[in-house]
Amino acid sequence: MAGFSDFALHKTIQQAIHDMGFEEPSPIQEQCIPKILEGVDLVGQAQTGTGKTAAFGLPLIEKVTGQNAVQAIVLTPTRELAIQVSGELMKIAKYKRVRTLPIYGGQSIGHQIRALKQGVHVVIGTPGRVLDHLRRKTLRLDQVRMLVLDEADEMLDMGFQEDIESIIKETSSERQTLLFSATMPQEILRLSRKYMNAPETVAISRKEVTAPTIEQVYYKVFERSKLESLCRILDSEEIDLGIVFCRTKRGVDELTEALQERGYMANGLHGDLSQAQRDKVMQSFRDATIELLVATDVAARGIDVGNVSHVVNYDIPQDPESYVHRIGRTGRAGRKGIAMTLITPREMKQLRTIEKISKSAIESRTVPSIEEVMERQQTIWREQLIALVEGDSDMTPFMEVVRQLKEEYPLEKISAAALSIAFSSSISPGEEEVYDFGETGASNGMVRFFINIGRSVEIKPPDLIKEITELVGISGKSIGRIDIFENFSFVEVAKESAPFVYEALRHSRMKGKRINIEPAKPRAKRQ
Ligand code: ADP
Ligand code: MG
């Protein structure tokens, strides 16, 4: 398998890849990067989350020269993606002087015009706004040597076909054209035939893989409180040895540090450590000096430790194969093991793919509440105390302290103080509310949402329930009253599920339509 160092990429870019914490190229990157560097037109197909951005981003940044002109343009379907891709390109260009600019609707055009005037090498934009700039002549694409259509299927879904074609016509015919997409409907093939020069195709197929028969669960979490959720999960589990997977080396370092700060016996393993360091970490894991090994996929490859009770996917694996690899680290030699995957709302779809391809049933579990974690910790403290009280270890020096204090203070208070010295560091901090939807006119314990689809797309309550439960991964029981109107609907969902429903639906589509979801206004004010 190729490593990043096998690609003809300048050392400044190699260094940036290293800083980003990427250990090895993903399959789509491995196959696309050399071809793009050669200069061929290319159609790349791989599912979401497989690293398509860097697949074109690395050669794109490599090819940018000192010439003061827009040399490359990337078209993306949404403003979020434009910003995201631009961010990733900037990271790749960390040690190279490349000016990138995301341009999208919703941001002041004046600001964008000023930025464009200062000279930009790479533009990342949504088709509508790019076209707008072309018409105003504030953007010129005649020097563009590379054109990338990112998430092409989404762009066509959103009706950007004509805009895209108008933009393509403004670029030089000498350009290299790249097209990336998760799916390849007919219209995309037509587009590629029309505007690409003998394109090569790289398709990463989903090899069927079979997951081992161990218990598999997932937890719905939010990006911003992922660490807190992980800690609660860890605190409520009986872990012999656990492997926690992160996507990048940097992720491993950050999580290891955060876990250590919170008092977990954790250590990190990734490809930047020397062999000696790695051996040391592995040894401490084998002899259970540490209980959590935080690792990247590469580093954990080939780890064969017998009593791994838990595999935790802190970051969702990039493909079903790697999922199967990861969870195969537990349940060895017929022992019981459990694989847990943390899923943010945007990743729900990836989870479904993993489930399907690996033919596993991954059950939903709820992140334990603070109260549940506390209850469980109290049980553990009680057990530890009982063992000491009933056992015969020598406690003379402590007894003496208790005897003296007992004269002045109640025993109950003394014991609690002693416990707090021993255990307060293991109490996890509380969390802030993730969302406050305010008053939405919902029934008790529910939140009412406005959704921009209704009868006009022939949706009925059962369809809506089905779509929501599938997209969000909640049970139909969490959905309450539904009111469907011509062009919009109101749906009530249980308060606990509301934040996840909101975030998951915001990035989805139903009946081919992009969903707009908002907390509803209270009824009284509406009328
Ligand atoms: P796609 O466009 O295929 O949906 P992205 O390019 O958005 O996927 O990549 C998904 C995530 O994986 C991003 O966070 C990205 O930084 C990360 N990533 C990409 N390539 C690698 C790699 N080789 N190693 C580790 N992480 C990677
Ligand atoms: Mg992408």
Side-chain angles (χ1 to χ4, degrees), residues 1-7 9 13-14 16-33 36 42-61 74-94 102 124 126 148-155 157 178-184 202-204 206 223 226 245-255 270-272 295-301 313-323 325-326 343-344 346-351 353-354 507:
M1 197 186 269
F4 282 112
S5 57
D6 295 324
F7 300 138
L9 294 169
I13 292 180
Q14 297 283 4
I17 297 171
H18 178 266
D19 290 2
M20 288 163 83
F22 291 6
E23 237 170 358
E24 59 171 14
S26 67
I28 186 92
Q29 292 163 0
E30 187 183 359
Q31 292 194 42
C32 290
I33 292 172
I36 301 175
L42 181 138
V43 174
Q45 179 186 8
Q47 71 191 87
T48 308
T50 49
K52 294 191 286 295
T53 316
F56 65 78
L58 289 166
L60 184 152
I61 296 297
V74 182
L75 296 179
T76 68
T78 62
R79 150 206 176 121
E80 284 79 19
L81 270 169
I83 294 169
Q84 204 176 303
V85 169
S86 164
E88 187 118 335
L89 293 183
M90 272 165 71
K91 282 190 209 149
I92 295 172
K94 183 171 173 192
I124 305 94
T126 50
V148 185
L149 306 177
D150 190 23
E151 317 276 353
D153 48 358
E154 293 263 321
M155 284 201 284
D157 269 0
L178 309 175
L179 185 155
F180 285 85
S181 198
T183 60
M184 282 297 152
V202 170
I204 304 300
R206 304 158 162 180
E223 197 60 56
K226 218 170 166 187
F245 282 96
C246 293
R247 188 146 39 215
T248 64
K249 294 184 276 194
R250 174 176 290 189
V252 166
D253 285 337
E254 286 170 359
L255 183 61
H270 59 61
D272 276 2
T296 55
D297 287 282
V298 180
R301 213 165 275 161
N313 296 312
Y314 185 68
D315 293 326
I316 187 173
Q318 286 198 308
D319 50 69
E321 255 175 284
S322 117
Y323 176 79
H325 261 122
R326 285 180 178 188
I343 299 286
T344 60
R346 281 162 175 264
E347 293 165 343
M348 211 56 222
K349 256 190 248 154
Q350 262 166 282
L351 181 79
T353 309
I354 290 175
H507 303 292

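The shown structure was predicted, so the numbers you read here are calculated from the model rather than taken from an experiment. Just follow the structure's listing: the first ligand is 1, and inside any ligand the first atom is 1. When a residue number appears, it is its place in the shown sequence, counting from 1.
Here the heavy atom of the protein found nearest to atom 5 (P) of ligand 1 is T53 OG1, 3.6 Å. From the protein, the heavy atom lying nearest to atom 20 (N) of ligand 1 is Q29 NE2, 2.8 Å. Annotation: atom 1 (P) of ligand 1 to nearest protein heavy atom, G49 N, 3.4 Å.
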Open item on the list: I'd like to know whether D150 forms a salt bridge (charged side-chain N to carboxylate O under 4.0 Å, His left out) with K52, so could you lay out the CA-CA distance, the side-chain angles of the two residues, the decisive distance to 0.1 Å, and finally the verdict.
Closed with: CA-CA 8 Å; D150 190 23; K52 294 191 286 295; over 6 Å; no

TODO: May I have the step-by-step check of side chain to side chain contact (heavy atoms under 4.5 Å, CB included) for L75 and V148, ending in yes or no?
DONE: CA-CA 6 Å; L75 296 179; V148 185; over 6 Å; no

Open item on the list: Please evaluate residues L58 and F7 with respect to the criterion side chain to side chain contact (heavy atoms under 4.5 Å, CB included), reporting the C-alpha separation (whole Å), side-chain torsions for both, the decisive distance (0.1 Å), and the verdict.
Closed with: CA-CA 10 Å; L58 289 166; F7 300 138; 5.7 Å; no

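Residue contacts to the Mg ion (ligand 2): E151 brings an N, O or S atom closer than 2.8 Å.
The closest approach between any non-hydrogen atom of F4 and ligand 1 is below 4.0 Å.
Screening Q29, Q84, E88 against T53 for a side chain to side chain contact (heavy atoms under 4.5 Å, CB included) leaves a single residue, E88. If you run salt bridge (Lys or Arg N to Asp or Glu O under 4.0 Å) between D19 and each of K91, R250, K94, only K94 comes through.
Considering backbone and side-chain atoms alike, G51 places an N or O below 3.5 Å from some N or O of ligand 1. When only interatomic distances are considered, the shortest N/O to N/O separation between Q318 and ligand 1 falls below 3.5 Å.
Numbered from 1 in the order shown, with element, the atoms of ligand 1 that lie under 4.0 Å from a heavy atom of E24 read 22 (C), 23 (N), 24 (N). Atoms of ligand 1 found under 4.0 Å from any heavy atom of E88 (numbered from 1 in listed order, with element): 15 (C), 16 (O). Here is the list of ligand 1 atoms found below 4.0 Å of a heavy atom in Q47: 3 (O). Listed by number with element, the atoms of ligand 1 under 4.0 angstrom from any heavy atom of T50 are 1 (P), 3 (O), 8 (O). Residue contact check: E151 has heavy atoms under 4.0 Å from atoms 2 (O) of ligand 1.
Under the 3.5 Å distance criterion, with hydrogens and angles disregarded, a donor-acceptor pair is assigned to the side chains of T296 and E23. Looking only at atom types and distance, the side chain of Q350 has no donor-acceptor partner in the side chain of T353 under 3.5 Å away.
Atom CE of M90 is surrounded by 12 or fewer heavy atoms from other residues, nucleotides or ligands within 6.0 Å.
With Y314 as the aromatic partner, K226 meets the cation-pi criteria of under 6.0 angstrom to the ring centre and within 45 degrees of the ring axis.
Atom 13 (C) of ligand 1 lies below 4.0 Å from none of the non-hydrogen atoms of the protein.
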